[in-house]
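These numbers come from the heavy atoms of this one structure, side chains and all, not from hydrogens, waters or symmetry mates.
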Amino acid sequence: TIARDDVPEAQRFAAQESLAWLISVGVVDAIEVTASYVHKDSFELLASHIIMRRDGQSEPIYDAVWGATLDNAEGTYGTA
């Protein structure tokens with residue numbers, strides 16, 4: 001079991017590792033991943049922000065936030 005405070009780092013690491021093949025085959029040159037808890041309305045999300053860049057360009061070729069709902073006021077779980 002992972003402690004709650006360690007979950008964002010575990011999420012960041014898993015995302016970074018799962019996308020590393022894109023660098024090794026030359027699709028992108030750099031991948032930046034951050035993960036943190038985000039509160040929206042009555043929901044708590046674990047959000048991962050993924051940015052991919054090619055050839056040192058300042059504009060990313062991919063920039064997205066992925067989130068998973070961890071808890072809400074009703075105690076249900078799901079994805080967002």
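Under a hydrophobic clustering in which Ile, Leu, Val, Met, Phe, Trp and Tyr are joined whenever their side-chain heavy atoms come within less than 4.5 Å, directly or via other members, Val65 and Ile61 fall into different clusters. Phe13 and Trp66 sit in two unconnected hydrophobic clusters of ILVMFWY residues. Membership requires side-chain heavy atoms under 4.5 Å apart, directly or through other members.
Relative to the six-membered ring of Tyr62, Arg54 misses at least one condition, a distance below 6.0 Å or an angle of at most 45° to the axis.
Taking a cutoff of 4.0 Å between a charged side-chain nitrogen and a carboxylate oxygen, Glu59 and Arg53 do not qualify as a salt bridge.
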- Message: As a quick check of understanding, evaluate side-chain contact (heavy atoms from CB on, under 4.5 Å) for Ile23 and Asp29, giving each step before the final call.
- Response: CA-CA 5 Å; Ile23 294 173; Asp29 294 316; over 6 Å; no
Stepwise, does the side-chain contact (heavy atoms from CB on, under 4.5 Å) test hold for Gln16 with Ile31?
CA-CA 7 Å; Gln16 187 84 36; Ile31 298 172; 4.0 Å; yes
Practice item. Output, in order, the C-alpha distance, side-chain angles, deciding distance and verdict of side-chain contact (heavy atoms from CB on, under 4.5 Å) for Met52 and Leu19. Key: CA-CA 10 Å; Met52 298 181 195; Leu19 297 170; 4.0 Å; yes
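Between the OG atom of Ser36 and the CD atom of Glu9 there is a distance of 12.0 Å, given to the nearest 0.5 Å.
Summarising the geometry of Ala47 relative to Val38, their closest heavy-atom pair is CB-CG2, 3.8 Å, with the distance given to 0.1 Å. Ala64 approaches His49 most closely through the heavy-atom pair O-CD2, 3.3 Å.
Within the 4.5 Å cutoff, no side-chain heavy atoms of Ile50 are placed close to those of Glu32.
No donor-acceptor distance shorter than 3.5 angstrom exists from the side chain of Asp63 to the backbone of Ile51, with no hydrogens or angles considered.
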